[in-house]
Amino acid sequence: LTLPAKGTGRLWDSRRVDGQPMVVGSFIPFVWVGNAPGGLAWFADSDQGWTPNNTHSAIEVRRTTKDSTDLVLNLISEPETLTAARRIVFGLQATPVKPLRDGWRDNKWTFDTTFHDFAGITTQPGKQHSDLIWSAVPYVINEEYAKKKAAEWKKSRGMAVPYFENNVMGKFRPEVDYFGEHWKASVGNMLWFDKTLQDFIVHSLAEWVQIADIDGWYVDNVRFEACANIEAGRGYRLADGRVQPTYQIFEQRDYWMRVRAAFIEAGKNPPLLVLHMTHNMVIPWIGIADLALDHEANVIFPEMGKDFMDVWTPDRLRLDYPHQWGVAVISMSKYDGDWSKASKEVLERNWRSFVGANRLHDTLVQSHNDKDAKIRQAFGFGAADVQFFGYWDPQNPVRTRADQIKVSTWTRPGKQLVIATNWGEATDAEVTLSAPAGWKVTEPESGQELPIGHGGRVTLPIPKHHYRYLLLERATP
């Protein structure tokens with residue numbers, strides 16, 4: 001949600017979040033308020049110790065003056081006499097949580113590792129490739145198979161990063177059958193990561209590194225899920241005896257730190273930990289990872305006649321800006337259906353819409369476009385001295401007057417790379433550069449040098465939902 005730039009009073013409250021499992025009230029376990037320079041995340045497992053009701057929202061974002069935004073927790077939401085001390089637990093975390101990993105823009109991981117069998121599931125009777133998503137495991141089933149598979153991927157891709165998903169676990173070990181019911185959340189379809197499950201997974205992953213030399217882990221469905229299994233100590237009883245569910249944001253935070261530590265202690269420093277769930281930038285968890293995968297939503301089929309910019313807005317994509325988190329974000333191009341009959345022009349427009357929208361926010365994409373990759377490599381994107389200035393940044397050295405054209409800039413000593421992305425209909429875009437005297441401007445895809453007009457203006461035609469790169473550098477004497 002993008003908060004309005006103007007206005008005071010209540011800007012948002014937790015009653016607007018649908019699908020809530022709370023018996024009473026509108027408690028949610030996570031809220032982040034922030035912008036590109038930084039922000040603050042609040043999180044809690046439950047509203048135990050609060051006084052919830054269905055009339056007043058549990059959490060609000062308010063603005064009392066034009067210069068401040070307040071996160072309000074309505075701990076006592078109706079008149080009540082307190083007869084004893086209450087314990088209320090929550091956490092706060094500032095963002096960004098850490099510096100971005102060195103060389104993160106040179107990321108080589110791609111999500112097409114999904115559903116590949118690294119553990120040996122397909123060596124088991126009756127298990128086919130189509131079973132892998134619902135039989136994913138965090139442990140080795142067949143050691144010789146696991147060694148061979150990891151070696152093949154290291155040779156062809158440079159890394160072996162198995163897939164897992166947090167809904168279910170394949171039953172190929174006795175522990176999974178024994179603890180099966182205990183390891184499930186009662187409200188939704190998801191595993192519950194208590195200490196017994198954490199111990200099992202962390203130990204198994206450490207073994208996997210020793211057996212097959214895997215380099216990391218890609219985990220799907222990393223999302224909130226509630227549980228009201230009071231016999232297992234999950235949830236609490238309300239005054240009327242009903243059970244109010246709880247989440248496990250603190251327990252999972254410990255779990256992800258343990259997973260990362262298991263890889264490091266096994267000799268993978270740093271490992272590659274990839275966490276995925278669209279619309280769930282849960283920074284107490286994601287902050288422990290190296291990559292966050294987003295955008296597996298708003299599916300586009302060829303019959304729709306739409307592209308990435310038709311279904312994702314700039315405001316939403318700004319949420320994926322890696323620098324505000326301290327974690328690199330990679331985008332999934334969710335084009336489904338049969339595109340084999342689409343014209344070359346349609347395929348090109350859809351690809352450029354996807355790349356142009358994401359590059360504008362310094363978000364990683366799984367690029368199959370040789371030209372795009374060569375431009376980035378020639379600029380030196382992996383270098384430590386690269387700085388990025390988004391289209392919203394007042395320090396961005398490049399400007400445009402047209403609302404539909406958005407420009408972002410990467411700089412290195414002696415050169416700049418600009419991306420101009422057109423969110424509207426085809427137009428001749430006027431871009432104002434801050435090119436020092438003696439610099440030249442080229443369009444790197446074509447190699448054409450462009451004239452710089454009065455005041456540093458450059459005009460270039462950009463088709464609908466398309467982008468153009470501009471390279472500024474010192475002219476060769």
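Under the salt bridge (charged side-chain N to carboxylate O under 4.0 Å, His left out) criterion, Asp106 pairs with no residue, sequence neighbours left out. Listed by chain and residue number, Glu425 satisfy the salt bridge (charged side-chain N to carboxylate O under 4.0 Å, His left out) test with Lys464 (two or more places apart in sequence, or in another chain). Scanning for ring-ring contact (aromatic ring centres under 6.0 Å, His included) contacts around Phe164 gives Trp217, with sequence neighbours left out. Among residues two or more places apart in sequence or in another chain, the salt bridge (charged side-chain N to carboxylate O under 4.0 Å, His left out) test is passed with Glu443 by Arg468. Taking the salt bridge (charged side-chain N to carboxylate O under 4.0 Å, His left out) definition, one finds that Glu165 meets it with nothing, sequence neighbours left out. Residues passing the ring-ring contact (aromatic ring centres under 6.0 Å, His included) test with Phe301, sequence neighbours excluded: none. Not a single ring-ring contact (aromatic ring centres under 6.0 Å, His included) links Tyr145 to another residue, sequence neighbours left out. Not counting sequence neighbours, the partners of Phe43 by the ring-ring contact (aromatic ring centres under 6.0 Å, His included) test are Phe250.
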Tell me which donor-acceptor pairs under 3.5 Å the side chains of residues 28-42 have, and how far apart each pair is, sequence neighbours excluded?
from, atom 1, to, atom 2, distance (Å)
Trp32, NE1, Thr95, OG1, 2.9
Asn35, OD1, Gly38, N, 3.4

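Among residues at least two apart or in separate chains, salt bridge (Lys or Arg N to Asp or Glu O under 4.0 Å) pairs with a member in residues 271-293 are Arg101-Asp290, Arg260-Asp290. Sorted by first then second residue, the side-chain hydrogen bond (donor to acceptor under 3.5 Å, both in side chains) pairs that include residues 16-27, not counting sequence neighbours, are Ser14-Ser26. Under the side-chain hydrogen bond (donor to acceptor under 3.5 Å, both in side chains) criterion, the residue pairs touching residues 168-177 are Arg173-Ser204, with sequence neighbours excluded.
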